[in-house]
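Start at 1 and go down the list; that is how both ligands and their atoms are numbered.
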Amino acid sequence: MKNIILIGFMGSGKSTLGKKLAKKLNCRFIDSDMEIEALERMPVAEIFETKGEDYFRQCEKELLHSIRSESQFVLSTGGGMPCFGDNMEKIKTLGTTFYLYLSPKELTKRIRNAKTVRPLAQNKSEEELLIYIEKLLASRGFFYSQADYTLKGKEQQVNCILELAD
Ligand code: S3P
């Protein structure tokens with residue numbers, strides 16, 4: 001089976017699902033945000049605050065290019081990773097790509113209830129967050145839709161993904 005790469009908006013559940021898939025396949029799990037946090041020795045929110053978003057995007061690009069496919073892996077990407085530079089092209093060379101689609105309303109609810117601090121979604125009322133997500137999702141859709149599979153609802157389960165994976 002090829003490597004599995006999960007992409008999608010923040011709050012769509014990539015990390016949780018990626019971890020479950022890797023466990024089921026007994027393979028390496030790579031979470032891009034966690035890798036960058038370990039390399040930079042600070043949380044993503046702090047990288048944004050102290051070094052800026054451009055620096056974080058550079059970290060994402062470098063991480064992506066450092067991934068070797070010697071052994072099988074499941075990669076959960078940060079929500080913005082596929083949407084900068086030629087990252088999506090690179091991601092597609094690594095394995096089968098799955099876009100976890102959730103509606104802006106569902107994403108708003110999940111992001112507001114999450115423990116993770118997401119710098120791009122901070123300090124916004126529920127209404128502002130919904131409008132922000134609608135706009136950002138519309139512009140990112142171009143990249144996300146290049147995934148091999150777009151999964152909605154029940155399709156976003158371990159067994160469904162394993163059936164689809166090449
Ligand atoms: C981001 C998503 C986050 C993280 C950073 C930026 C984005 O990852 O990489 O806060 O641009 O959408 P998650 O998708 O895991 O929340």
Side-chain angles (χ1 to χ4, degrees), residues 3-23 28-67 73-92 94-95 97-124 126 128-147 149-152 155-156 158 161:
N3 300 316
I4 291 176
I5 299 110
L6 304 180
I7 67 169
F9 209 81
M10 44 188 146
S12 56
K14 300 169 300 251
S15 299
T16 309
L17 188 58
K19 225 178 278 172
K20 282 189 197 163
L21 280 163
K23 196 167 172 196
R28 185 157 63 113
F29 172 57
I30 309 171
D31 180 293
S32 69
D33 284 345
M34 279 170 55
E35 294 288 325
I36 292 170
E37 290 184 335
L39 286 166
E40 294 293 314
R41 297 202 191 93
M42 64 175 93
V44 169
E46 207 178 315
I47 303 176
F48 267 71
E49 208 176 291
T50 59
K51 302 189 170 181
E53 181 174 349
D54 288 351
Y55 180 86
F56 177 75
R57 299 302 173 197
Q58 187 58 33
C59 295
E60 284 190 316
K61 185 180 174 173
E62 283 168 19
L63 175 73
L64 193 54
H65 284 265
S66 73
I67 295 173
F73 61 78
V74 176
L75 167 64
S76 294
T77 59
M81 186 187 256
C83 314
F84 287 83
D86 61 357
N87 289 356
M88 190 59 196
E89 274 169 50
K90 174 70 186 166
I91 287 171
K92 285 178 71 72
L94 293 175
T97 46
F98 295 88
Y99 167 33
L100 306 187
Y101 173 84
L102 288 182
S103 71
K105 271 199 182 144
E106 289 168 303
L107 290 168
T108 304
K109 206 158 82 187
R110 288 174 60 103
I111 291 171
R112 280 181 72 83
N113 291 335
K115 275 185 258 152
T116 318
V117 179
R118 293 188 165 96
L120 296 178
Q122 259 180 316
N123 307 321
K124 289 181 178 63
E126 189 164 343
E128 286 167 341
L129 186 59
L130 178 61
I131 293 168
Y132 175 76
I133 291 174
E134 281 170 346
K135 279 194 186 152
L136 194 56
L137 194 57
S139 65
R140 288 183 171 182
F142 168 77
F143 299 96
Y144 293 154
S145 63
Q146 293 174 38
Y149 299 97
T150 294
L151 306 179
K152 296 179 184 175
E155 295 163 347
Q156 296 181 6
V158 171
I161 295 181

Practice task
Report yes or no: does a heavy atom of S15 sit under 4.0 Å from some atom of ligand 1?
Solution key: no
Exercise for the section: Give the residue and atom name of whichever protein heavy atom lies nearest to atom 2 (C) of ligand 1, and the separation in Å to one decimal. Expected result: G79 N, 3.4 Å
Exercise for the section: Spell out, as yes or no, whether a donor-acceptor pair under 3.5 Å connects the side chain of D86 to the backbone of E89. Expected result: no
Problem - Under 4.0 Å to a heavy atom of V44 - the qualifying atoms of ligand 1, by number - result: 5 (C), 10 (O)
Fill in the blank from the handout: Under 4.0 Å from one or more heavy atoms of L120, ligand 1 contributes atoms 7 (C), 11 (O)
Practice task
Taking E35 for its side chain and L64 for its backbone only, find out whether a donor-acceptor pair lies under 3.5 Å.
Solution key: no
Practice task
Return the residue, atom name and 0.1 Å-rounded distance of the protein heavy atom closest to atom 7 (C) of ligand 1.
Solution key: G80 N, 3.3 Å
Problem - Contact partition for K14 relative to ligand 1, non-hydrogen atoms under 4.0 Å - result: side chain
Problem - Which segment of R118 sits under 4.0 Å of ligand 1 when only heavy atoms are counted - result: side chain
Side chains of residues 136-146: which donor-acceptor pairs under 3.5 Å do they make with residues two or more places apart or in other chains?
residue, atom, partner, partner atom, Å
S139, OG, L136, O, 3.0
R140, NH1, G79, O, 3.4
Y144, OH, G79, O, 2.5
S145, OG, G141, O, 2.9
S145, OG, F142, O, 3.2
Q146, NE2, F142, O, 3.2

Completion exercise
Separation between OG1 (T97) and CD1 (I7), nearest 0.5 Å, reads 6.0 Å
Practice task
For ligand 1, indicate whether the residue Q122 contacts it via side chain, backbone, both or neither (heavy-atom separation under 4.0 Å).
Solution key: neither
Practice task
Enter the distance from I67:CD1 to S32:OG here, rounded to the nearest 0.5 Å.
Solution key: 7.5 Å
Exercise for the section: Could you go through the side-chain hydrogen bond (donor to acceptor under 3.5 Å, both in side chains) check for E155 and Y149 one step at a time? Expected result: CA-CA 10 Å; E155 295 163 347; Y149 299 97; over 6 Å; no
Practice task
Return yes if some donor-acceptor pair links the side-chain N/O of N3 with the main-chain N/O of F73 below 3.5 Å, else return no.
Solution key: yes
Practice task
For R57, take its heavy atoms, then give the atoms of ligand 1 lying under 4.0 Å from any of them.
Solution key: 6 (C), 7 (C), 11 (O)
Practice task
Please state whether R140 comes within less than 4.0 angstrom of ligand 1, counting heavy atoms only.
Solution key: yes
Handout entry: Sidechain-backbone polar pair: E37 side chain, V44 backbone, donor-acceptor under 3.5 Å
Key = yes
Practice task
Do me a favour and list the nearest non-hydrogen protein atom to atom 4 (C) of ligand 1 with residue, atom name and distance?
Solution key: D33 OD2, 3.3 Å
